[in-house]
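Counting convention: from 1, in listed order, for ligands and their atoms alike. If you read the sequence from its start, that first residue is 1, and numbering goes on from there. Here the structure is a predicted model, which means the values were calculated and not measured.
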Amino acid sequence: MQTLAAVSLAGGQGKTTTCYFLAKMLAKAGKKVLAIDCDPQANLTFFLNHEVASNQPTLLEVIKGTVSTVDGIYPTSEDNLFLIPADSGLAKVSEYLSGSGTGALILQIRLQAIQELFDYVIIDVQPTRSQICLTAVGAADWVLIPAESATKGVNSLLDTQKFLDEQAKVMAFRGQILGIVPFRDRWVGRTQTLESKDNIAAMKEFANHAPVLPTIRESEKFKQATRQGQLLSELGVRDLEYPFEKIIELLEDCKELDS
Ligand code: ATP
Ligand code: MG
């Protein structure tokens with residue numbers, strides 16, 4: 001089982017979008033995939049069309065250990081794709097994690113029980129240095145850093161790298177950065193806007209050996225796909241899926257090297 005988390009310390013950088021498409025595309029390719037919503041905004045839960053009933057366990061109960069990990073896992077409308085959902089109540093988990101002494105390791109421990117059940121775990125992470133973010137990063141073999149192709153995205157990348165370095169120094173992040181994914185790369189016709197070009201060049205400069213992966217183009221089609229629970233290929237714009245196809249290739253290559 002390989003665990004991948006999408007992390008950025010600023011909001012609106014494409015984390016949930018990346019998780020949604022990766023999880024769905026991996027599942028379509030026949031992999032057993034578990035998506036985990038580590039954000040009390042619960043956008044991934046919403047995109048995967050899961051409604052949390054008040055008496056049903058979510059990630060909150062899984063992290064606290066009041067239910068077993070499998071009891072927090074739900075099927076989705078996609079074969080092979082399962083979800084540990086979140087709702088706004090997840091914010092309450094901070095208290096538990098900060099009180100436990102080893103908060104950053106808790107999610108990793110909870111996932112040990114399901115090692116044999118999934119090929120990939122895809123974690124959508126809250127955009128703050130919260131306890132939830134720490135435990136998500138602690139569970140990750142791989143981190144993707146999506147970053148908007150704008151000044152805000154470059155700053156978010158720098159903050160996120162610094163944060164991951166700090167976590168690595170105290171052994172609370174033992175994975176690797178799989179890559180940086182420029183988000184909302186804007187082109188007008190065949191010409192990339194200067195803003196996108198300059199900011200992606202800055203990302204390459206600051207990447208610090210992490211690969212800067214193919215960009216996610218600015219397009220309303222992504223919103224349309226997530227709203228309708230579809231893939232970009234199902235909307236007839238398969239070329240927009242390219243960055244996710246490349247990430248999947250990278251993950252598969254890493255898995256082969258591992259074994
Ligand atoms: P948050 O930090 O708030 O959780 P996020 O990093 O998860 O945000 P997303 O929710 O994936 O970011 O995307 C931010 C916004 O950009 C959303 O409103 C989404 O619909 C929109 N969006 C997604 N993909 C694209 C795209 N390719 N082009 C333009 N807008 C997009
Ligand atoms: Mg999000």
Asks: I'd like to check which ligand 1 atoms, numbered from 1 as shown, lie under 4.0 Å from a non-hydrogen atom of E218.
Replies: 28 (N), 29 (C)
Asks: Any carboxylate oxygen within less than 4.0 angstrom of a Lys/Arg side-chain nitrogen, looking at K246 and E249?
Replies: yes
Asks: Judged by non-hydrogen atoms, does S8 sit under 4.0 Å from ligand 1?
Replies: no
Asks: Atoms of ligand 1 less than 4.0 Å from P127 heavy atoms?
Replies: 2 (O)
Asks: Kindly state if atom 15 (C) of ligand 1 has a protein heavy atom within a strict 4.0 Å cut-off, that is, under 4.0 Å?
Replies: no
Asks: Is any NZ, NE, NH1 or NH2 atom of the basic residue among E241 and K24 found under 4.0 Å from an Asp or Glu carboxylate oxygen of the other?
Replies: no
Asks: Measuring to protein heavy atoms, does anything land under 4.0 Å from atom 25 (C) of ligand 1?
Replies: yes
Asks: Of all the atoms in ligand 1, which lie at a distance below 4.0 Å from a heavy atom belonging to R217?
Replies: 26 (C), 27 (N), 28 (N)
Asks: Run the numbers for me: atoms of ligand 1, each under 4.0 Å from some heavy atom of D39, listed by number.
Replies: 4 (O)
Asks: Purely on distance, is any nitrogen or oxygen of G12 under 3.5 Å from one on ligand 1?
Replies: yes
Asks: Less than 4.0 angstrom from a charged side-chain N to a carboxylate O is my criterion; do R184 and E218 meet it?
Replies: yes
Asks: What is the nearest protein non-hydrogen atom to atom 10 (O) of ligand 1, stated with its residue, atom name and distance?
Replies: T16 CB, 4.1 Å
Asks: Provide the tally of protein N/O/S atoms nearer than 2.8 Å to the Mg ion (ligand 2).
Replies: 1
Asks: Under 4.0 Å from a heavy atom of G11: which atoms of ligand 1 are those, numbered in the order shown and with their elements?
Replies: 2 (O)
Asks: Please check whether T18 reaches ligand 1 - meaning an N/O of the residue sits under 3.5 Å from an N/O of the ligand, judged on distance alone.
Replies: no
Asks: Is Y20 close enough to touch ligand 1? Criterion: a residue heavy atom under 4.0 Å from a ligand atom.
Replies: no
Asks: Any Lys/Arg nitrogen of K28 or E78 sitting under 4.0 Å from an Asp/Glu carboxylate oxygen of the other?
Replies: yes
Asks: Answer with side chain, backbone, both or neither: which part of R184 has a heavy atom less than 4.0 angstrom from an atom of ligand 1?
Replies: side chain
Asks: Hey, does the side chain of S8 reach the backbone of I145 with a donor-acceptor pair shorter than 3.5 angstrom?
Replies: no
Asks: Which pair of heavy atoms, one from Q126 and one from P40, lies closest together, and at what distance?
Replies: NE2-CD, 3.4 Å
Asks: Under 4.0 Å from a heavy atom of I216: which atoms of ligand 1 are those, numbered in the order shown and with their elements?
Replies: 27 (N)
Asks: Is there a donor-acceptor pair under 3.5 Å between the side chain of S149 and the backbone N or O of N199?
Replies: no
Asks: Should N43 be counted as touching ligand 1, given the test is an N or O pair under 3.5 Å?
Replies: no
Asks: Counting only nitrogen or oxygen atoms and a 3.5 angstrom limit, does K223 reach ligand 1?
Replies: no
Asks: Polar contacts were defined as any N/O atom of the residue lying under 3.5 Å from an N/O atom of the ligand; does this apply to E220 and ligand 1?
Replies: no
Asks: For atom 12 (O) of ligand 1, which candidate among G14, A42, S219, C19 provides the closest heavy atom?
Replies: G14
Asks: Tell me the contacting part of L240 for ligand 1: side chain, backbone, both, or neither, using a 4.0 Å heavy-atom threshold, strictly below.
Replies: neither
Asks: So, T193 side chain and R186 main chain: donor-acceptor pair closer than 3.5 Å or not?
Replies: yes
Asks: Within ligand 1, which atoms have a heavy atom of T17 less than 4.0 Å away?
Replies: 9 (P), 11 (O), 13 (O), 23 (C), 24 (N)
Asks: Using a 3.5 Å distance criterion without hydrogens, assess whether the side chain of E234 forms a donor-acceptor pair with backbone atoms of L231.
Replies: yes
Asks: Between E245 and R238, does any NZ, NE, NH1 or NH2 come within less than 4.0 Å of an OD or OE carboxylate oxygen?
Replies: yes
Asks: Crowded around D71 CG? As in, over 12 foreign heavy atoms under 6.0 Å?
Replies: yes
Asks: As an exercise, state the distance from CZ of R110 to CD of E61, rounded to the nearest 0.5 Å.
Replies: 12.0 Å
Asks: Would R227 and E220 pass as an ion pair if we require N to O under 4.0 Å?
Replies: no
Asks: Determine yes or no for a side-chain-to-main-chain donor-acceptor pair under 3.5 angstrom, with S219 supplying the side chain and K221 the backbone.
Replies: yes
Asks: Taking the six-membered ring of Y120 as reference, does the NZ or CZ atom of K255 fall below 6.0 Å from its centre and within a 45° cone about the axis?
Replies: yes
Asks: Given 3.5 Å as the limit, does a donor-acceptor pair link the side chain of S130 with the main chain of C133, or not?
Replies: yes
